[in-house]
Q: 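Before anything else, here's the structure in question.
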Amino acid sequence: MTKKKKNDKDKKKKQKLPEFNKYYYYENSVQSPESDVEFFENTYKKLRGKAATTLREDFCGTHMICCEWLKLAEDKKAIGVELDPEPIEYGRQVHEAKLNDDQLKRLSVLQENVLSKGLPKADIVSASNFSYFLFKKREDLKAYFANAKRGVNKDGIFIIDCFGGQQCMTPNEEETEHKGYSYFWDQDSFNPVTNEAMFYIHFKRKGEKKRKKCFVYDWRMWGLAELQDLLYEVGFNKVTVYWEGSDKDGEGNGIFKPTTKGDDAEAWVAYIVSEL
Ligand SMILES: C[S@@+](CC[C@H](N)C(=O)[O-])C[C@H]1O[C@@H](n2cnc3c(N)ncnc32)[C@H](O)[C@@H]1O
């Protein structure tokens, strides 16, 4: 009995957690590339009556969405655009490693600014996880939207997501428990005069202390109405908001439909699809 206990203890000691990598925990907590590419594929098909071939993922980080896109069909191509070499390298080691040679040939990841002129064109240009919120001035966001429009093929579309609701206008911290760790979405501050907000992501693995501020977002909370105005201003001909439906508990059900009227959910996520 005593001996068995000692062995169990020894085993526990030996079960060391793998080295912490913030991208692994980020992706596991917030990303759902399968649903993203499903929405992109279905929306384009509905609007254009054919499948899209090329996806350009702006602010692509670890280019997980690009990699998922390539798996949909043998003619799909993906281009990722990202400034920071660190997430690009993580994506190379982790996601590209799972692609076959043919899929790899159809992927290019550019270490570039999304504002750069001459970025490759695509059937779908996307900016996910609210990345464009980092542009705080109207003229800067307008310049980005104009550049995205330049990158859209003749039949192409530009897809961005957006989030909002009263919950985003008061400081709060939300903990989500996952197997072996907790993810914290920390809204540190909100300034109603400028709509600027500071968010942090923290993680805590079981048995370890909280790792604070693994990701820092110094953002402006853009509203759907002003975003639609800007997208029309840069020359898109049709801009549509896709609002998420609710399940029986009032939670988002992951199904987004075009609408001109949302509900006053405490926190909501929507897509905006812009057509040439
Ligand atoms: C909020 S993260 C989103 C990452 C990924 N798209 C996702 O869905 O989780 C924003 C990313 O945009 C990158 N970024 C910031 N400014 C950029 C710019 N001007 N051009 C290209 N990438 C940029 C950052 O390095 C970061 O990886």
Side-chain angles (χ1 to χ4, degrees), residues 20-33 35-36 57-65 80-84 86-88 90-91 113-115 126-138 140-141 144-145 148 159-178 181-205 208-227 230 241-244 251-252 254 256 262 264-272:
F20 179 81
N21 186 300
K22 66 176 187 175
Y23 297 108
Y24 170 82
Y25 288 97
Y26 171 85
E27 290 178 346
N28 210 44
S29 311
V30 312
Q31 286 207 273
S32 41
S35 346
D36 289 316
E57 184 193 0
D58 284 353
F59 308 98
C60 70
T62 61
H63 51 284
M64 211 184 182
I65 294 178
V81 182
E82 165 63 47
L83 260 187
D84 184 353
E86 191 181 275
I88 296 181
Y90 180 86
N113 195 318
V114 296
L115 296 169
S126 73
S128 295
N129 266 325
F130 330 109
S131 305
Y132 63 89
F133 278 14
L134 63 86
F135 295 119
K136 292 185 173 178
K137 287 196 187 136
R138 195 175 194 280
D140 293 340
L141 184 58
Y144 168 58
F145 284 171
I159 304 183
I160 58 175
D161 53 12
C162 182
F163 79 101
Q166 288 158 28
Q167 200 183 310
C168 312
M169 290 171 187
T170 43
N172 62 84
E173 184 171 315
E174 201 178 273
E175 177 178 358
T176 311
E177 284 184 32
H178 292 270
Y181 78 98
S182 278
Y183 156 82
F184 300 86
W185 177 243
D186 177 5
Q187 169 141 13
D188 191 60
S189 60
F190 176 75
N191 177 352
V193 175
T194 60
N195 265 22
E196 286 177 320
M198 197 74 189
F199 297 93
Y200 303 114
I201 289 178
H202 320 295
F203 296 108
K204 186 186 176 313
R205 298 203 290 191
E208 293 185 350
K209 65 178 186 359
K210 192 169 175 181
R211 293 166 196 265
K212 291 191 176 172
K213 300 185 184 175
C214 295
F215 292 92
V216 175
Y217 303 105
D218 182 4
W219 278 347
R220 170 168 167 180
M221 300 295 296
W222 290 92
L224 289 169
E226 56 188 344
L227 290 169
L230 262 176
V241 172
Y242 286 63
W243 194 258
E244 191 178 12
E251 297 291 321
F256 292 82
D264 60 350
E266 271 195 0
W268 50 260
V269 176
Y271 283 107
I272 306 182

Q: May I have all residue pairs that pass salt bridge (Lys or Arg N to Asp or Glu O under 4.0 Å) and include part of residues 181-205, sequence neighbours excluded?
A: Lys136-Glu196, Arg205-Glu208

Q: Are any of the side-chain nitrogens in Arg220 or Glu226 under 4.0 Å away from the carboxylate oxygens of its partner?
A: yes

Q: I'd like to check the side-chain contact (heavy atoms from CB on, under 4.5 Å) partners of Glu251; sequence neighbours left out, ordered by chain and number.
A: Asp247, Asp249

Q: With side chains defined as the heavy atoms from C-beta onward, is the minimum distance between Asp140 and Leu115 less than 4.5 Å?
A: no

Q: Nearest heavy-atom pair of Gln187 and Cys168: which atoms, and what distance?
A: NE2-O, 2.6 Å

Q: To the closest 0.5 Å, what do you measure between NZ (Lys22) and OH (Tyr90)?
A: 12.0 Å

Q: Got a list of side-chain donor-acceptor pairs under 3.5 Å for residues 126-133, not counting sequence neighbours?
A:
{"unit_1": "Asn129", "atom_1": "ND2", "unit_2": "Tyr26", "atom_2": "OH", "d": "3.4"}
{"unit_1": "Ser131", "atom_1": "OG", "unit_2": "Ser128", "atom_2": "O", "d": "2.7"}
{"unit_1": "Tyr132", "atom_1": "OH", "unit_2": "Asp161", "atom_2": "O", "d": "2.7"}

Q: So, using ring-ring contact (aromatic ring centres under 6.0 Å, His included) as the criterion, who are the partners of Phe199 when residues are at least two apart?
A: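 Per chain and number, Phe199 pairs via ring-ring contact (aromatic ring centres under 6.0 Å, His included) with Phe163, Trp185, Trp219.
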
Q: When rounded to the nearest 0.5 angstrom, what distance separates CG in Asp58 from CD1 in Ile159?
A: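 Here the rounded value is 12.0 Å.
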
Q: Under 3.5 Å, is there a donor-acceptor pair between the side chain of Glu82 and the main chain of Gly61?
A: yes

Q: Looking only at heavy atoms, what is the nearest atom pair of Ala197 and Met221, with distance?
A: CB-CG, 4.0 Å

Q: Could you walk me through whether Asn172 and Phe190 pass the side chain to side chain contact (heavy atoms under 4.5 Å, CB included) check?
A: CA-CA 10 Å; Asn172 62 84; Phe190 176 75; over 6 Å; no

Q: As an exercise, state the distance from OG of Ser29 to CZ of Phe184, rounded to the nearest 0.5 Å.
A: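 Those atoms lie 10.5 Å apart.
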
Q: So which heavy atom on Gly254 is nearest to which on Glu244, and how close?
A: N-OE2, 2.7 Å

Q: Can you check whether His63 reaches Ile88 side chain to side chain, under 4.5 Å on heavy atoms?
A: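 They are in side-chain contact.
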
Q: Distance check, rounded to the nearest 0.5 Å: Met198 atom CE versus Asn191 atom CG?
A: 13.0 Å

Q: Counting heavy atoms not belonging to Lys212, are there more than 12 under 6.0 Å from its NZ?
A: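 Not buried by this count: 12 neighbours or fewer within 6.0 Å.
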
Q: Would you say that Val81 contacts Cys60 through its side chain, given a criterion of any heavy-atom pair below 4.5 Å between the two side chains?
A: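 Heavy-atom side-chain distance check fails, nothing below 4.5 Å.
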
Q: Would you please name every residue forming a ring-ring contact (aromatic ring centres under 6.0 Å, His included) with Phe135, sequence neighbours left out?
A: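 So Phe135 forms a ring-ring contact (aromatic ring centres under 6.0 Å, His included) with Tyr144.
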
Q: When rounded to the nearest 0.5 angstrom, what distance separates CZ in Phe145 from CG in Leu230?
A: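 So the gap between those two atoms works out to 6.0 Å.
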
Q: Any chance you could lay out the side chain to side chain contact (heavy atoms under 4.5 Å, CB included) test for Tyr25 and His178, step after step, and finish with the verdict?
A: CA-CA 10 Å; Tyr25 288 97; His178 292 270; over 6 Å; no

Q: Would you say Tyr183 and Phe203 make side-chain contact, with heavy atoms under 4.5 Å?
A: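 A side-chain contact exists here, since the closest heavy-atom pair is under 4.5 Å.
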
Q: Between Ala270 and Phe256, which heavy-atom pair has the shortest distance, and what is it?
A: CA-CE2, 4.1 Å

Q: Give the minimum heavy-atom separation between Ser189 and Pro171, together with the two atoms involved.
A: CA-CG, 4.4 Å

Q: To check you understand the geometry: which heavy-atom pair defines the closest contact between Leu224 and Val241, and what is its length?
A: CD1-CG1, 4.2 Å

Q: Taking atom OH as the centre, does Tyr242 end up with more than 12 heavy-atom neighbours from other residues, nucleotides or ligands that are less than 6.0 angstrom away?
A: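 Above 12, so yes.
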
Q: Atom CG of Asn21 and atom CG of Asn28: how far apart are they, to the nearest 0.5 Å?
A: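 Rounded to the nearest 0.5 Å, the CG-CG separation comes out at 11.5 Å.
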
Q: By side-chain hydrogen bond (donor to acceptor under 3.5 Å, both in side chains), which residues pair with Trp243, not counting sequence neighbours?
A: Asp263

